[in-house]
Amino acid sequence: MRLLIIGPQGAGKGTQATLLAQGYGIPHVSTGDLFREHIASGSQLGLAIKAFTDSGALVPDEVTQQMVTERLAAPDAHAGWLLDGFPRNLTQARWLDALLEEREEPLDLAVLLEAPDEVLLDRLLSRGRSDDTAEAISRRLAIYHRETVPMIDYYDGKTVRVDGVGEVHEVQQRLRKAIDAALHAGD
Ligand code: AMP
């Protein structure tokens, strides 16, 4: 099973993706988490990445794509994966498509987790992550609307939209239902 989860910051994407991946028995591949691991390692690359994530800007596509290539080449990713936070723009979406075509591993579904701005801001302010400054938050939201939202059309016909407002388990059930229904629609 190969899935993408797309949504604005604060929609509960990371939490829901972790649960989904556990439930389906596939690795949860979060580019944000991978970047945070690089930063924590104190490497030269980590330092360069930190400058982008701290300001709320996107890390350059080439760096991000290289990291995704390496992660998807790991043995545990052969049986499938849930990609969280990637792709975030049209360049990355086209690049991923080419990679999957080359590997003959088509994407099954792009899952959109949605929530209104008020809910997003409330959640972000209670999250307390070091890159959750007011400036970085508003920059990420602007980038989401400018770059990620237009990218969603790319997955037309392969998308399910799920309401991210509610308790964690409630939203998880909603996601499982929507994904299972979409995957078995052709049965
Ligand atoms: P996230 O954990 O998804 O909120 O990501 C945290 C930060 O990592 C983002 O604000 C970006 O700076 C960077 N990042 C994560 N995914 C990507 C991506 N697909 N392309 C570029 N930068 C990314």
Side-chain angles (χ1 to χ4, degrees), residues 2-21 27-74 77 81-100 107 110-115 117 119-155 159 162 164 168 171 175:
R2 287 175 290 271
L3 305 174
L4 306 180
I5 186 159
I6 303 167
Q9 51 172 349
K13 208 162 39 78
T15 306
Q16 295 298 339
T18 302
L19 293 171
L20 279 177
H28 169 207
V29 178
S30 154
T31 45
D33 285 350
L34 291 171
F35 285 137
R36 282 183 283 277
E37 282 168 24
H38 274 292
I39 294 168
S41 80
S43 69
Q44 208 55 28
L45 179 62
L47 266 179
I49 288 169
K50 191 173 182 336
F52 293 102
T53 57
D54 273 355
S55 72
L58 291 184
V59 175
D61 291 335
E62 306 75 50
V63 176
T64 309
Q65 288 162 190
Q66 175 64 29
M67 200 179 62
V68 171
T69 304
E70 283 168 19
R71 182 62 189 86
L72 295 188
W81 33 258
L82 171 62
L83 258 179
D84 164 10
F86 185 93
R88 251 177 163 91
N89 61 32
L90 204 52
T91 308
Q92 294 180 1
R94 292 196 176 114
W95 173 86
L96 179 66
D97 222 27
L99 179 80
L100 297 184
L107 183 75
V111 181
L112 251 90
L113 191 62
E114 301 178 310
D117 281 2
V119 175
L120 299 177
L121 289 174
D122 263 8
R123 285 187 181 161
L124 287 166
L125 293 173
S126 63
R127 190 165 75 167
R129 219 169 67 184
S130 71
D131 60 344
D132 283 342
T133 61
E135 217 183 346
I137 288 173
S138 68
R139 190 161 187 187
R140 287 199 303 262
L141 212 54
I143 293 175
Y144 182 77
H145 287 292
R146 195 178 66 228
E147 303 200 31
T148 309
V149 170
M151 176 203 83
I152 293 166
D153 281 349
Y154 190 80
Y155 295 105
T159 332
V162 175
V168 169
V171 175
L175 280 162

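Atoms within each ligand, like the ligands themselves, are counted from 1 in listed order.
In Ser30, neither the side chain nor the backbone holds a heavy atom less than 4.0 Å from any atom of ligand 1.
If you number the atoms of ligand 1 from 1 as listed, the ones under 4.0 Å from a heavy atom of Phe86 come out as 19 (N). Proximity to Thr31 (heavy-atom distance under 4.0 Å) selects the following atoms of ligand 1: 15 (C), 16 (N), 17 (C), 19 (N). Here is the list of ligand 1 atoms found below 4.0 Å of a heavy atom in Thr64: 18 (C), 19 (N), 20 (N), 21 (C). Annotation for ligand 1: atoms under 4.0 Å from non-hydrogen atoms of Arg140 are 10 (O). Heavy-atom proximity to Gln92, at under 4.0 Å, picks out these atoms of ligand 1: 18 (C), 19 (N), 20 (N), 21 (C). The contact set between ligand 1 and Phe35, taken as ligand atoms under 4.0 Å from a residue heavy atom, comprises 8 (O), 13 (C), 14 (N), 15 (C), 17 (C), 22 (N), 23 (C). Heavy-atom contacts of Ala57 reach the following atoms of ligand 1: 11 (C), 12 (O) (cutoff under 4.0 Å). Atoms of ligand 1 found under 4.0 Å from any heavy atom of Arg36 (numbered from 1 in listed order, with element): 2 (O), 6 (C).
Closest non-hydrogen pair, Gly10 versus Leu120, comes out as C-CD2, 3.6 Å. Shown here for Leu4 and Phe86, the closest heavy-atom pair between the two residues is CD2-O, 3.8 Å. In this structure, Thr31 and Val68 approach most closely via the heavy-atom pair CG2-CG2, 3.7 Å. Shortest non-hydrogen contact noted between Pro27 and Ala77 is CG-CA, 4.1 Å. For the residue pair Val29 and Arg71, the shortest heavy atom distance occurs at CG1-CG, 3.6 Å.
Two residues are said to be in side-chain contact when any heavy atoms from C-beta on lie closer than 4.5 Å; Leu141 and Gln9 meet this criterion.
With hydrogens left out, the protein atom closest to atom 22 (N) of ligand 1 is Val59 N, 3.0 Å, a heavy atom. Of the protein's non-hydrogen atoms, Thr53 CG2, 3.5 Å is the one closest to atom 8 (O) of ligand 1. Atom 4 (O) of ligand 1 has as its closest protein heavy atom Arg129 NH2, 3.2 Å.
Between Pro87 and ligand 1, a contact under 3.5 Å exists for no N or O pair.
Distance CG/Leu96 to OG1/Thr91: 12.5 Å, rounded to 0.5 Å. If you take CD1 on Ile6 and CD1 on Ile152, they are separated by 5.5 Å, rounding to the nearest 0.5 Å. The structure places CZ of Arg129 at 8.5 Å from OG1 of Thr53, a figure rounded to the nearest 0.5 Å. Rounding to the nearest 0.5 Å gives a distance of 9.5 Å between CD of Glu70 and CG of Leu34.
Heavy atoms of Arg127 come nearer than 4.0 angstrom to ligand 1 in no pair at all.
The option with the heavy atom closest to atom 9 (C) of ligand 1, from among Lys13, Arg88, Glu147, Met67, is Arg88.
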